[in-house]
Amino acid sequence: MIQITQLNMRPGHSLEDLKRKAAKTAGCSREQMSEFKIVKRSLDARKKPDIFFSYSVRFSVKEEALLLKKRKDKRVTVWEEKPYRFPEPGQKTLTERPVIIGMGPAGLFCGYYLAKHGYAPILLERGRDVDQRSLDVENFWKTGTLLKDSNVQFGEGGAGTFSDGKLNTLIKDKDGRNKEALKTFVDCGAPENILYDAKPHIGTDILRNVVKTMRSRIVKWGGQVYFENKVTDILTENEKLTGLLVETPQGTRALPSSVAVLAVGHSARDTFQILYDKKVPMEAKAFAVGFRVQHPQKMINADQYGLEETKLLPAASYKLTARTDSLRSVYSFCMCPGGYVVNASSEEGRVAVNGMSYSDRAGENANSAVIVSVTPEDFGSCHPLAGVRFQRELEERAFRAGRGKIPSQYYGDYKAAVLGRQKETFTPGIRPQICGDTFFTDISRILPEALNRSFVEGMEQFGKILPGFDRPDTILSGVESRTSSPVRILRGESLESSFSGLYPCGEGAGYAGGIMSAAMDGLRVAEQIASVYKVLDESGIFQYTETERNDVKED
């Protein structure tokens with residue numbers, strides 16, 4: 001195939017306009033082209049408001065070598081496709097179905113590919129299916145009634161289901177897992193543009209339907225999916241996995257298992273405690289904490305595009321980083337154009353927030369987390385679960401500050417409190433866009449003093465990059481404490497824990513940081529299991545009773 005890079009097109013162009021320009025650049029006629037495919041699209045706003053889209057495309061023509069010989073444009077090259085390949089089955093025999101604990105991106109993709117290739121996995125999810133879970137979350141935002149296992153953190157799809165649905169990652173993709181995962185998303189209902197957009201996203205509304213389709217196919221291919229099934233213990237013998245204790249609506253059951261994938265998510269604090277008690281090797285890891293910040297989307301558009309109104313352009317986003325005098329990193333995280341701040345709590349007496357956008361990103365405000373790096377030195381202990389304790393302390397302070405609601409404050413008032421200055425007079429011009437009740441109060445006592453000062457220092461630096469970012473009526477909401485897992489569950493080259501058969505996986509285990517990296521890690525673990533074990537036969541089916549089989553969901 002022929003590949004052309006750096007094809008620049010003005011906003012509002014058609015696909016046919018792009019094809020004609022590609023043909024002209026390649027030195028062929030439009031009619032000679034076949035199998036035309038967009039492989040990358042990015043937005044170039046370096047000379048705002050003179051903005052254009054930059055494309056890379058591929059297509060076939062006859063006598064490619066002759067065409068390239070005539071054409072001297074370095075943007076025109078030959079492309080050879082390297083398709084993703086799932087490994088051939090290994091030689092060891094499975095005595096039971098592989099079990100996947102958790103149905104976030106890591107667990108879903110691991111289960112999807114094992115089911116697709118004949119391994120008939122069992123997927124256990126402590127929360128509810130995505131439809132019921134969505135109702136539970138909406139009710140929580142309206143009434144404050146929290147269900148501990150069905151909320152923004154737990155349930156089918158994982159924490160990413162109530163987010164912007166961003167599908168970009170910084171992980172290098174030499175094995176093709178990134179592209180394969182994106183293709184699976186599209187095959188299950190996501191829009192095709194995620195295959196080529198430089199910053200792909202699908203929004204929480206579309207992601208929920210994609211998750212349901214993936215689950216339905218897992219069941220169709222012989223897998224079993226059980227909701228409200230919570231693993232309460234890991235059974236081992238001679239440092240080998242032998243089974244799981246599972247709490248179900250009908251009571252606790254023992255599930256024999258020699259292969260289990262720990263895809264529990266970054267908020268499974270009770271599971272981390274179980275693993276620690278079982279002496280599964282783990283360690284505390286660095287993460288970051290801070291607050292959600294809200295600005296008018298029109299302001300961000302003007303900063304990034306030189307235009308407030310962007311009918312032909314997507315709602316503008318940003319990515320900001322700073323280094324403080326104390327050598328801490330401060331950066332924006334999980335930026336949601338046209339989005340909402342959401343109450344993402346999962347424990348009584350504690351408040352945590354996140355950000356969410358729908359696919360159209362049409363909300364009035366832009367929001368992102370502005371977070372400050374923390375390391376085990378900040379936790380006051382070298383205990384593997386010290387980061388969990390640190391998170392909980394911050395969330396308890398947020399709960400008290402907000403009287404059980406999301407505590408919020410204008411940046412100007414927060415800055416004055418942190419720096420010990422008199423409050424300035426300003427007129428608020430930003431309306432909060434928040435899912436869940438909020439309470440305006442002093443939030444300067446939620447983070448430790450050193451982190452507060454680093455936060456202010458970062459905001460001031462960001463205001464020099466994006467004018468208005470540090471405006472006094474910027475709305476801060478807290479606390480953003482679930483940016484990534486506070487622990488890493490150690491694994492070796494075989495991707496197993498020191499307990500044979502136990503596979504730590506995804507963001508909760510400390511090996512991912514977002515939907516795509518978690519999906520890719522789930523795919524990687526599926527590949528590893530498949531490369532070791534034969535495809536399962538009928539003798540490995542875990543026999544639930546007829547009543548328990550009603551927990552299996554298929555759309």
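- Note: Tyr318 and Phe462 fail the aromatic proximity criterion, with ring centroids not under 6.0 Å apart.
- None of Arg128, Arg133, Arg215 except one satisfies the side-chain hydrogen bond (donor to acceptor under 3.5 Å, both in side chains) rule with Glu156; the exception is Arg215.
- A salt bridge does not link Glu457 to Arg453: none of the charged side-chain nitrogens sits closer than 4.0 Å to a carboxylate oxygen.
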Anything under 3.5 Å between a donor and an acceptor, one on a side chain of residues 431-438, the other on a protein residue two or more places apart or in another chain? List them.
| residue | atom | partner | partner atom | Å |
| --- | --- | --- | --- | --- |
| Arg431 | NE | Glu364 | OE2 | 3.2 |
| Arg431 | NH2 | Glu364 | OE1 | 2.4 |
| Arg431 | NH2 | Glu364 | OE2 | 3.4 |
| Thr438 | OG1 | Ile406 | O | 2.8 |
| Thr438 | OG1 | Ser408 | OG | 2.8 |

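- Taking a cutoff of 4.0 Å between a charged side-chain nitrogen and a carboxylate oxygen, Glu460 and Lys415 qualify as a salt bridge.
- Between Arg491 and Asp521 a salt bridge is recorded (basic side-chain N to carboxylate O distance below 4.0 Å).
- Looking at residues two or more places apart in sequence or on another chain, you find no salt bridge (charged side-chain N to carboxylate O under 4.0 Å, His left out) involving Arg524.
- A perpendicular orientation is assigned to the rings of Phe390 and Phe287, their planes being inclined by more than 60° (bins at 30° and 60°).
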Stepwise, does the salt bridge (charged side-chain N to carboxylate O under 4.0 Å, His left out) test hold for Arg361 with Asp164? CA-CA 9 Å; Arg361 289 179 165 177; Asp164 185 60; 2.4 Å; yes
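- For the side-chain contact (heavy atoms from CB on, under 4.5 Å) with Phe455, the qualifying choice from Leu476, Val418, Thr324 is Leu476, the only one to do so.
- Applying the side-chain hydrogen bond (donor to acceptor under 3.5 Å, both in side chains) criterion to Ser359, with sequence neighbours excluded, gives Asp205.
- Tested against Phe162 for a side-chain contact (heavy atoms from CB on, under 4.5 Å), the candidates Val342, Leu207, Val137 yield a single pass: Val137.
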Show the numbers, then the answer: is there a side-chain hydrogen bond (donor to acceptor under 3.5 Å, both in side chains) between Ser329 and Arg323? CA-CA 5 Å; Ser329 295; Arg323 191 77 165 170; 2.9 Å; yes
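- Residues passing the ring-ring contact (aromatic ring centres under 6.0 Å, His included) test with Tyr305: none are found, sequence neighbours excluded.
- Side-chain contact of Thr213 with Arg217: a donor-acceptor pair under 3.5 Å is absent, judged by distance alone.
- Remark: the Ser14 side chain and the Asp17 side chain contain an N/O donor-acceptor pair separated by less than 3.5 Å.
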Set out, in order, the CA-CA distance, both residues' side-chain angles and the distance that settles side-chain hydrogen bond (donor to acceptor under 3.5 Å, both in side chains) for Thr5 and Lys40, then state yes or no. CA-CA 9 Å; Thr5 60; Lys40 187 175 181 182; over 6 Å; no
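- Taking the charged nitrogens against the carboxylate oxygens, Asp50 and Arg10 do have a contact shorter than 4.0 Å, which makes a salt bridge.
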Could you check Leu394 against Leu447 for side chain to side chain contact (heavy atoms under 4.5 Å, CB included), going step by step and ending with a plain yes or no? CA-CA 7 Å; Leu394 300 186; Leu447 300 181; 4.0 Å; yes
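- Among residues two or more places apart in sequence or in another chain, the ring-ring contact (aromatic ring centres under 6.0 Å, His included) test is passed with Tyr411 by none.
- Atom OH of Tyr196 and atom OG of Ser42 lie 12.5 Å apart (nearest 0.5 Å).
- Taking Ala369 as the reference, Arg292, Phe333, Ile371, Glu480 meet the side-chain contact (heavy atoms from CB on, under 4.5 Å) condition, with sequence neighbours excluded.
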Audit row: Lys148, Asp270, salt bridge (charged side-chain N to carboxylate O under 4.0 Å, His left out) steps and yes/no: CA-CA 11 Å; Lys148 64 178 183 178; Asp270 48 359; over 6 Å; no
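- Using a 4.0 Å cut-off between a side-chain N of Lys or Arg and a carboxylate O of Asp or Glu, Asp131 and Lys212 qualify as a salt bridge.
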